[in-house]
**Q** 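Dropping a structure here in structure tokens format, bear with me for questions.
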Amino acid sequence: MRHRVLLLAAVAGLAGLAGGCSNREHLNPLDPSNPSTGGAPGGFVVIAGDGSASLSWRAAAISGVVGFRLSRRVGADPVFHAVIDLPPYETNYFENGLTNGVDHAYRIQYRLTGDQLGQAAEDIATPGAAVPWVVDNTARELVRLTPDARHVAERFTGSLVSPAGVSIDPATGQVWVCDPAAGRLLRFTSGLFDPDEYGGFSSPAAVAVDPSNGRAWVCDDVLGWLQCFVPGNPVIPVADIRGLATPLSVAIDVRDRSVWVCERTGDAVRRFGPTGGQLAMGRVREPSRVAVDSLTERVWVTSFSRRQVTWF
């Protein structure tokens, strides 16, 4: 019986060794069965820009790898064409002069000894001139997306408490952000550092920038204010409208520069002139958001509690 137990233990040990060898093979970064790499270069990302693409990946300190090969497929072309061969220590590549609005698919492979190519990692980018910004209330972040919205190009956390609204001055690229829980309206002028703070708010809920002059209109839903600030004066508003009933959203008509505001508990949408004088008022039950079509000048209003959309 003792000899039988020893024999079974030996067989089990051999099976364990065989399994261990198999696992070690799959830990090889060039093995297509490797769960982390799939045999391809790791960390491959393509960031779209305005007529450009920025490519990055991890360096290859792997035996048998002599470099990388980058290939590209544009639009409806079904074939990837080689772009460049790079050394194994390179981790970045930049392409300019690309056509905006067209998909550019990229592929990177290890170049192996013996003039062989490894498995490919792929990513796609669609260059464009758009510079989209979003706020993430839960993560407490201001985020700039790539023009194709496939990746995050830049993010700011800083001291944001509950970012809830964002608007852009297209002429200057300045980014205005509402941080209602902190009672702040912030303006980022060059990069995502040291923003300027505007006004003396309680809960700035929404902001809209007039693209004709860079002025920022902001609602405070707690104080019932609608105020307008010029970029160079962070203290004194050039328009100051008070007594509104929970102003929750604001939008600009770019044709005549009129300002539209939702009064949530006032069951109203008000239209003001560019200097703050009231021009009109429409009745909407519990309006929550307003937007103006720059082509037709139609004004669209939503009510999330009523589950309805109204247009003027």
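Model, not experiment: these values are computed from the prediction. Atoms considered below: every heavy atom in the structure, side chains included; atoms not considered: hydrogens, waters and symmetry mates.
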**Q** In Å, rounded to the nearest 0.5 Å, how long is the span from CZ of Arg289 to OG1 of Thr302?
**A** 7.0 Å

**Q** Does Leu55 reach the side chain of Ile108, with side-chain heavy atoms less than 4.5 Å apart?
**A**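 They are not in contact (no side-chain heavy atoms under 4.5 Å apart), so the answer is no.
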
**Q** Would you kindly confirm whether Phe201 and Val207 end up in one hydrophobic cluster when ILVMFWY residues are joined by side chain heavy atoms under 4.5 Å apart?
**A** yes

**Q** How close do Ala153 and Thr146 get, counting heavy atoms only, and between which atoms?
**A**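 Looking at all heavy atoms of both residues, the shortest contact is CB-CG2, 4.1 Å.
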
**Q** Could you tell me which non-hydrogen atom of Ser249 sits nearest to which non-hydrogen atom of Ala206, and how far apart they are?
**A** CA-CB, 3.9 Å

**Q** Look up atom CG in Asn213 and atom CG in Asp169, then write down how far apart they are to the nearest 0.5 Å.
**A**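 Spacing of CG (Asn213) from CG (Asp169) equals 8.5 Å.
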
**Q** Please walk me through it: do Ser294 and Arg255 pass side-chain contact (heavy atoms from CB on, under 4.5 Å)?
**A** CA-CA 7 Å; Ser294 60; Arg255 291 195 179 189; over 6 Å; no

**Q** For residues Asp136 and Arg155, determine if any side-chain heavy atom of one lies less than 4.5 Å from a side-chain heavy atom of the other.
**A**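 No, too far: nothing below the 4.5 Å cut-off.
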
**Q** Tell me, do Trp260 and Val301 make a side-chain contact under 4.5 Å, heavy atoms counted?
**A**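 Contact flag for Trp260/Val301 side chains = no.
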
**Q** Is the Phe156 ring parallel, tilted or perpendicular to the Phe188 ring (thresholds 30°, 60°)?
**A** perpendicular

**Q** Would Arg150 and Thr126 count as having a side-chain donor-acceptor pair, cut-off 3.5 Å?
**A**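 On atom types as modelled, these side chains qualify, holding a pair under 3.5 Å.
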
**Q** Test your reading of the model: is there a side-chain donor-acceptor pair from Gln109 to the backbone of Ala120, 3.5 Å cut-off?
**A** no

**Q** With a 4.5 Å cut-off on side-chain heavy atoms, are His104 and Glu95 touching?
**A**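 A side-chain contact is absent here, since even the closest heavy-atom pair is not under 4.5 Å.
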
**Q** Should Val250 and Val259 count as side-chain neighbours, where that means a heavy-atom distance under 4.5 Å?
**A**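 Sidechains of Val259 and Val250: in contact.
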
**Q** Does one hydrophobic cluster hold both Val135 and Val131, with members joined at side-chain heavy-atom distances below 4.5 Å?
**A**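 Same cluster.
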
**Q** Between the main-chain N or O of Gln227 and the side-chain N or O of Asp240, is there a donor-acceptor pair closer than 3.5 Å?
**A**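 No, Asp240 side chain to Gln227 backbone: no donor-acceptor pair under 3.5 Å.
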
**Q** In the structure I gave you, are the side-chain heavy atoms of Pro234 and Arg187 within less than 4.5 Å of one another anywhere?
**A**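 No, side chains not in contact.
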
**Q** Distance from Thr246 atom OG1 to Glu286 atom CD, nearest 0.5 Å?
**A** 10.5 Å

**Q** Ignoring hydrogens and geometry, is there a side-chain-to-backbone donor-acceptor pair from Ser303 to Arg306 under 3.5 Å?
**A**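 Judged by distance alone, yes, a pair lies under 3.5 Å.
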
**Q** Is the backbone of Pro247 close enough, under 3.5 Å, to the side chain of Asp221 for a donor and an acceptor to pair up by distance?
**A**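 No, the answer is negative, given that no donor and acceptor are paired below the 3.5 Å cut-off.
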
**Q** Have a look at Val284 and tell me which of Val290, Asp267, Val269 forms a side-chain contact (heavy atoms from CB on, under 4.5 Å) with it.
**A**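 Filter result, single survivor: Val269.
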
**Q** Rounded to the nearest 0.5 Å, what separation is found between the OG atom of Ser202 and the CG atom of Leu223?
**A** 4.5 Å

**Q** According to a hydrophobic-cluster definition based on side-chain heavy atoms being under 4.5 Å apart (Ile, Leu, Val, Met, Phe, Trp, Tyr only), do Ile124 and Leu98 belong together?
**A**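 No; tracing contacts between hydrophobic side chains, which count when under 4.5 Å, never links both residues.
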
**Q** Would you say Arg271 and Asp256 make side-chain contact, with heavy atoms under 4.5 Å?
**A**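 The answer is yes, as the side chains (C-beta and beyond) meet within the 4.5 Å cut-off.
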
**Q** To the nearest 0.5 Å, tell me how far Ser159 OG sits from Leu186 CG.
**A** 7.0 Å

**Q** Indicate yes or no for a side-chain donor-acceptor contact from Ser167 to the backbone of Val209 under 3.5 Å, with no hydrogens or angles considered.
**A** yes

**Q** Please collect all side-chain hydrogen bond (donor to acceptor under 3.5 Å, both in side chains) contacts where either partner lies in residues 82-94, sequence neighbours excluded, each pair once.
**A** Arg69-Asp85

**Q** Given side chains that start at C-beta, do those of Val134 and Val166 come closer than 4.5 Å, heavy atoms only?
**A**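 No, side chains not in contact.
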
**Q** For Val161 versus Ala182, what's the shortest heavy-atom pair and its separation?
**A**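 The answer is CG2-CB, 3.8 Å.
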
**Q** Are Trp217 and Trp133 connected, step by step, through hydrophobic side chains (Ile, Leu, Val, Met, Phe, Trp, Tyr) whose heavy atoms are closer than 4.5 Å?
**A**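 Cluster IDs for Trp217 and Trp133 differ.
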
**Q** Looking at CG of Leu244 and CH2 of Trp225, how far apart are the two atoms once the value is rounded to the nearest 0.5 Å?
**A** 12.0 Å

**Q** With sequence neighbours excluded, what pairs up with Asp77 under the side-chain hydrogen bond (donor to acceptor under 3.5 Å, both in side chains) test?
**A** His81

**Q** Would you say Asn233 has more than 12 foreign heavy atoms packed within less than 6.0 Å of its CG?
**A** yes

**Q** Examine distances only and state if a side-chain atom of Asp179 and a backbone atom of Arg184 form a donor-acceptor pair shorter than 3.5 Å.
**A** no

**Q** Minimum heavy-atom separation for Pro88 to Val65, with atom names?
**A**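 Looking at all heavy atoms of both residues, the closest pair is CB-O, 4.4 Å.
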
**Q** Main chain of Phe80, side chain of Ser71: is a donor-acceptor contact present, judged purely on distance under 3.5 Å?
**A**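 Pair absent, no side-chain N/O of Ser71 close to backbone of Phe80.
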
**Q** Leu145 and Val152: side-chain contact (heavy atoms from CB on, under 4.5 Å), yes or no, with the steps?
**A** CA-CA 5 Å; Leu145 301 177; Val152 171; 4.0 Å; yes

**Q** Of Trp57, Tyr106, Phe44, which is the lone residue that meets ring-ring contact (aromatic ring centres under 6.0 Å, His included) with Phe68?
**A** Trp57

**Q** Does atom CZ of Arg144 have more than 12 heavy-atom neighbours, drawn from other residues, nucleotides or ligands, at distances under 6.0 Å?
**A** yes

**Q** Run the salt-bridge test on Asp210 and Arg257 with the 4.0 Å N-O cut-off and return the result as yes or no.
**A**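 Yes, this pair counts.
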
**Q** Quick check: does any side chain N or O of Arg242 sit under 3.5 Å from a backbone N or O of Gly224, one acting as donor and the other as acceptor?
**A** no

**Q** Testing the basics here: between Val218 and Pro204, what is the closest heavy-atom pair and its distance to 0.1 Å?
**A** CG2-CB, 4.0 Å

**Q** Where the side chain of Asp220 meets the backbone of Ser203, is there a donor-acceptor pair that is under 3.5 Å apart?
**A**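 Indeed, once roles are kept as given, a pair shorter than 3.5 Å links the two residues.
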
**Q** Using the rule that Ile, Leu, Val, Met, Phe, Trp and Tyr join whenever any side-chain heavy atoms are under 4.5 Å apart, tell me whether Ile84 and Val66 fall into a single cluster.
**A** no

